[in-house]
J.: 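Supplied in C-alpha cells, the structure appears directly below.
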Amino acid sequence: MKPRQSPHLLVCFLMSTAVALATELMPRLTFRKGDSSRIVFSFQRKGVQNYDTFLLSKDGATLYVGARDTIIALDLGSADSIRLKGEIPWSPTPVKKDECVFKKKSNETECFNFIRVLVQLNETHLYTCGTYAFSPTCTYIDLENFTLVTDANGEPLLLEGKGLCPFDPQHQNTAIVVDGELYTGTRNNFQGNEAIITRTLGRRTVLKTDTWLHGDATFVASFNIPTPSDDDKVYFFFGETAKEFDFFEKLIVSRVARVCKNDVGGDKVLQKKWTTFLKAQLSCTQPGQFPYTVIQHVFALPQPGGGAVFYGVFASQWQSGNLGSTAVCAFSLDGIKKAFDGKYKELNKDCSRWMTYNGPVMDPRPGRCSVGPSSDKALTFMKDHYLMDEKIEPAHHQPLLVKHSVKYTRITVHQTRNAFGVPYNVLFLGTDKGALHKAVAVGKEAHIIEEIQLFEKPEVVQNLLLSPEKGILYVGYSTGVLQVPLANCSIYTTCANCVLARDPYCAWDGRECRDIRGATENVSDLVQNIETGKPDPVCQRNHGKGRALPRSRNDSDGSLLKILAAPLNTMVRLPCLRASALANYSWNYPERKMADGLVMEDDQALVVIVQKDTLGIYECRANENGYWQTVARYHVRLVDGFRVDREGLTAPMGEHRSYWGQFVTVTVLLSMTLAVVAAVAFFTYHDKLKAKSKVQGCSSFPEASKTSGPEKVPLNGSQSPPPSSEYQVPGPCQEGANSSKACCVQVGGPCQDIDADNNRLDPGLANGDDSRGALAVEGI
Ligand SMILES: *[C@@H]1O[C@H](CO)[C@@H](O)[C@H](O)[C@H]1NC(C)=O
Ligand SMILES: *[C@@H]1O[C@H](CO)[C@@H](O)[C@H](O)[C@H]1NC(C)=O
Ligand SMILES: *[C@@H]1O[C@H](CO)[C@@H](O)[C@H](O)[C@H]1NC(C)=O
C-alpha cells in the first residue's frame with residue numbers, strides 16, 4: 001500500500017459528495033454463494049487447475065478449456081450440467097522442467113505448461129500454445145479423436161512458441177485466427193520485457209512489430225471486424241507505459257493498435273515487419289476523478305449494420321489502498337477509425353519529445369491497407385509514424401459505468417431484445433474478488449441488476465464466455481468452470497418488483513415474472529420498463545392481472561400480517577428484510593411518530609418496547625424509484641399471562657418476565673439519592689465561593705491565562721483549538737443516509753477526510769473501506 005501522504009504529493013482532491021452519490025452504482029440485488037435463487041453449476045476435475053483459456057466450438061456444443069498441463073473438451077449439451085468429453089494431458093518434458101527450475105523459477109507454481117493460446121485453425125484442427133515451463137511451445141490438436149498431432153516417431157509434435165505465447169504465466173497475451181493465419185500479441189522473451197505483435201501460420205511471410213511497443217505492453221484482447229471492403233483489419237487492445245508524455249513518473253496508457261490483413265511486409269525497409277501498424281490512445285475518464293488508464297479487458301459487440309462497439313474495463317493507476325475502482329467505457333469502431341485517420345505524432349529527435357506531426361503525409365498513407373509495393377521513402381516514413389495524435393474518446397464522452405471499491409477483470413456483453421423488440425445490451429462483469437455483476441446499459445448510463453458471489457473465498461474471475469443460444473455464462477477460475485444462467489425471473493414475485501428489476505430478460509405477463517427470451521406469442525400484454533424501471537402506472541394499469549403483492553398470497557391485505565403477542569414492558573424486534581439496495585425503508589407506527597419506545601436498528605429492524613401506547617399495526621415500507629410498497633406488516637398485541645410468542649421474534653432477553661416494578665423502585669431510589677448528593681454539593685461549593693471572593697475579589701480570568709501560557713484564552717472558554725488552516729470546513733455537507741463520508745477538499749496540503757460532523761478522520765481508518773475518500777497522487 002502506498003503511503004497516503006507522500007512527499008511528491010501534488011494533487012489532492014475529492015469529488016464532491018453529490019458527484020460521488022450520483023455515480024456510485026449499487027447492485028440492486030446481491031446473491032451469496034449457494035443462494036437457491038441463483039443456482040450456479042460447477043465443473044471441477046481433480047488435479048486440473050487454472051481454467052484460463054476458453055474456446056467455444058462453432059456449433060456452440062463444446063467448450064474447449066486450456067488449463068495447467070491439460071486441455072479439456074466439455075460437452076455443453078445439457079442445460080444443467082457440464083460433462084467431460086475429452087482430455088489431453090500436456091505437461092512439459094522433465095528436461096524442460098529441470099531447466100526451468102535451474103533458471104530459478106518455481107517448480108510449485110511456474111514450471112508448468114499454462115495453456116494460453118487455444119484457437120480453431122480449420123474444421124479439423126485446433127492450434128494451441130502453452131508456457132511449457134518458461135519455454136513457449138505450440139502444437140496442433142486433431143479434433144476427430146481429440147489428441148495432440150504427433151510427429152513421425154509418434155511423439156507429440158512440438159513447435160517453437162516464442163512470440164506467440166508468453167514465457168511467464170503471469171503475463172497476459174492475446175491470439176486470434178483470421179483466414180487460417182494466427183495473429184498474436186505477447187511478451188517475446190524470458191525476461192518478459194519485450195512485447196511483440198506477430199502473424200504466423202498460413203503461407204505468407206511471418207510479420208512482426210518493429211520498435212513500436214513498449215516492453216511492458218500487456219495484451220488483453222484482439223478482434224477482426226469484417227468489413228465489406230477488402231481493407232480488413234485486426235485490432236489489438238493493450239496497456240503500456242507511455243513515452244509521449246513528459247511526466248517524471250511512469251504513466252500507463254490504454255491503447256488500440258491495428259494492422260491490415262493484407263499486409264505482406266516491406267521489401268528492403270521494414271522487411272518481415274508490419275507496414276500498416278498504427279496505435280492510438282484510448283481515453284476513459286470522468287470529470288473530477290483520476291483517469292481510468294489501465295485497460296483490463298475488452299469485449300467487441302458486433303453491430304447489426306456492420307462494425308462493432310468495444311466495451312472495455314479500465315482501472316486507475318492511482319489507487320490508495322487495495323480497494324480501487326473501475327470504469328466501463330464503450331468505443332465505437334467509427335471513433336477508433338477517426339483517430340487512425342487523423343494526425344500522427346512524431347518524435348522530435350532534437351529535444352526527444354513527442355509532438356504532433358504537421359508536415360506532408362506520404363502516399364500511400366501509413367496505416368492504409370493498400371495493395372502493391374510502397375517506396376522505401378514511404379516505408380521509412382511509416383516506420384516513424386505509428387502513434388496517432390488524437391485520443392479516442394468513449395461514446396457520450398463518459399464512462400458507461402463507474403464502480404468504486406470494485407475491480408472488474410473481465411467483461412462480456414449480450415445484446416438482447418426486450419418485450420417490445422427494442423435491443424438492450426446486458427453487461428456481465430467479473431471482479432478480482434469473485435463477484436459477477438449483471439448490468440443493463442440505458443442511454444449513457446448503466447443499472448446494475450444483480451450481483452452474484454461466485455466463490456466461497458474471494459478470487460479472480462479469469463474468464464467469461466457467453467453462449468447466447470444456451471442462455472448461459474461460463475466462468476473460468478482457478479479450480480473449475482461455473483455455469484451461470486443469465487437470469488432467474490421467478491425471483492420477482494410481483495409486477496412491481498419485476499418492473500423495478502429492469503432486467504431485459506424478464507417481463508410481467510399478468511400472472512408471473514417470466515423469462516421472455518425466445519417468446520413468440522403476443523407480447524403486447526407484457527409489462528416491462530427498462531428505461532426508467534417505474535412500476536407506476538404500468539402495474540396499476542394491469543390491475544387485477546399484475547398485482548403489486550405476491551401472487552402466492554391469497555389475501556393481498558392480510559397476507560403479510562404477522563401477529564406478535566408479547567407481555568407488557570418487553571421488547572419485540574420487527575425485522576424488515578432489505579431486498580433491494582436501491583430502496584429506502586421506513587416504518588409506519590400506530591402513533592404516526594417516533595415514540596420513545598421505538599428503536600431503529602441498522603438493518604431497518606424496529607425494536608418496540610411493548611406498552612399501552614405502542615400497541616398496534618407496524619408497517620415496513622420500501623420506496624424505490626418513486627414506488628411505495630409494504631414489505632412487512634406486524635400487529636403488536638398484549639399477551640395474556642407470560643406466554644412466549646409463537647413467532648419467536650422477541651429480542652433475546654430470556655423469558656418475558658416483567659421487571660417494571662423493580663425498575664420503578666430502583667429509579668425512584670436513584671433519583672432521591674442523586675438529589676441529596678446534588679444539594680450537599682451545591683451548599684459546599686456555595687460556601688467556598690463566598691470565602692474565595694472575600695479574599696481575591698471576583699476575577700478568576702488572569703489566573704486562567706497564566707496557566708495556559710502566552711496564548712489567548714478563547715473568550716467563550718472553549719478548550720478546542722482555533723480552526724486549523726490545514727483543512728477547511730466545507731460548505732453544506734449534504735449527507736445521505738448511506739454516505740457518512742466527507743465532502744471537503746484541500747489542494748496542496750495533506751488529504752484530510754472529514755466526516756459529516758466535520759471531524760477529521762484518522763487517515764488509517766478513513767482509508768479503510770470507502771474509496772470515495774480523498775486520494776493522493778504522486779507525479780502528476
Ligand atoms: C429461481 O428462483 C426461484 C425462487 O427463488 C427458485 O425456486 C429456483 O430454484 C431458481 N431457479 C434457478 C435456476 O436458479
Ligand atoms: C519441486 O521441489 C520440491 C522441493 O524443492 C521437490 O520435493 C519436488 O520433487 C520438486 N518437484 C519437481 C517436479 O521437480
Ligand atoms: C487443418 O490444418 C491442419 C494443420 O495445418 C492440416 O493438417 C489439415 O489438413 C487442415 N484441414 C483442413 C480441412 O484444411
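For the numbers below, each heavy atom of this structure counts, side chains included, while hydrogens, waters and symmetry mates do not. Whatever order the structure lists ligands and atoms in, that order sets their numbers, starting from 1.
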J.: Assess whether a salt bridge exists between D263 and R199, defined as any Lys/Arg side-chain N lying under 4.0 Å from an Asp/Glu carboxylate O.
T.: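 No, no charged N to carboxylate O under 4.0 Å.
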J.: Name the closest protein heavy atom to atom 9 (O) of ligand 1, giving the residue it belongs to and the distance to 0.1 Å.
T.: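 Its nearest protein heavy-atom neighbour is S36 O, 3.5 Å.
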J.: Does any N or O in the side chain of N425 come within less than 3.5 Å of the main-chain N or O of A441, such that one atom is a donor and the other an acceptor?
T.: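 Answer holds: no.
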J.: So is there a nitrogen or oxygen of I491 less than 3.5 Å from a nitrogen or oxygen in ligand 1?
T.: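 No, since none of the N or O atoms of I491 sits under 3.5 Å from an N or O of ligand 1.
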J.: Should the pair R28-E450 be classified as a salt bridge under the 4.0 Å nitrogen-to-oxygen rule?
T.: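 Looking at R28 and E450, the cut-off is not met.
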J.: Do me a favour and list the nearest non-hydrogen protein atom to atom 12 (C) of ligand 1 with residue, atom name and distance?
T.: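 Ranking protein heavy atoms by distance from atom 12 (C) of ligand 1, first comes N488 ND2, 3.4 Å.
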J.: Please tell me if atom 7 (O) of ligand 1 is touched by the protein, where touching means a protein heavy-atom distance below 4.0 Å.
T.: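 For atom 7 (O) of ligand 1 the answer is no, since every protein heavy atom stays at 4.0 Å or beyond.
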J.: What residue and atom, counting heavy atoms only, is the protein's closest point to atom 11 (N) of ligand 3, and at what distance?
T.: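 Here the closest protein heavy atom is N122 ND2, 2.9 Å.
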J.: Which ligand 3 atoms, with their elements, are less than 4.0 angstrom from a heavy-atom of Y140?
T.: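 Under 4.0 Å from Y140, ligand 3 has these atoms: 4 (C), 5 (O).
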J.: Would one find more than 12 heavy atoms of other residues, nucleotides or ligands at under 6.0 Å from atom NZ of K208?
T.: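 No, the 6.0 Å shell around NZ holds no more than 12 heavy atoms from other groups.
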J.: Does a salt bridge link K407 with D432, judged by any charged N lying under 4.0 Å from a carboxylate O?
T.: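 Not counted as a salt bridge, because no side-chain N and carboxylate O are separated by less than 4.0 Å.
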J.: So for ligand 3, is E123 a polar contact partner (N or O within less than 3.5 Å, distance only)?
T.: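 Among all N and O atoms of E123, none is under 3.5 Å from an N or O of ligand 3.
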J.: Are the two sulfur (SG) atoms of C165 and C138 closer than 2.5 Å?
T.: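 No - the two cysteines, C165 and C138, have SG atoms at least 2.5 Å from each other.
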J.: Does E87 pair with R45 as a salt bridge, N-O distance under 4.0 Å?
T.: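 Judged by the 4.0 Å cut-off on N to carboxylate O distance, E87 and R45 do form a salt bridge.
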J.: Which residue and atom name correspond to the protein heavy atom nearest atom 5 (O) of ligand 1, and how close is it?
T.: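 Heavy-atom neighbour on the protein nearest atom 5 (O) of ligand 1: S37 OG, 2.9 Å.
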J.: Closer than 4.0 Å to some heavy atom of S490 - which atoms of ligand 1 meet that?
T.: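 Atoms satisfying the 4.0 Å criterion: 1 (C), 2 (O), 3 (C).
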J.: Give me the nearest non-hydrogen protein atom to atom 13 (C) of ligand 3 as residue plus atom name, then the distance to 0.1 Å.
T.: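 Here the closest protein heavy atom is T124 OG1, 4.0 Å.
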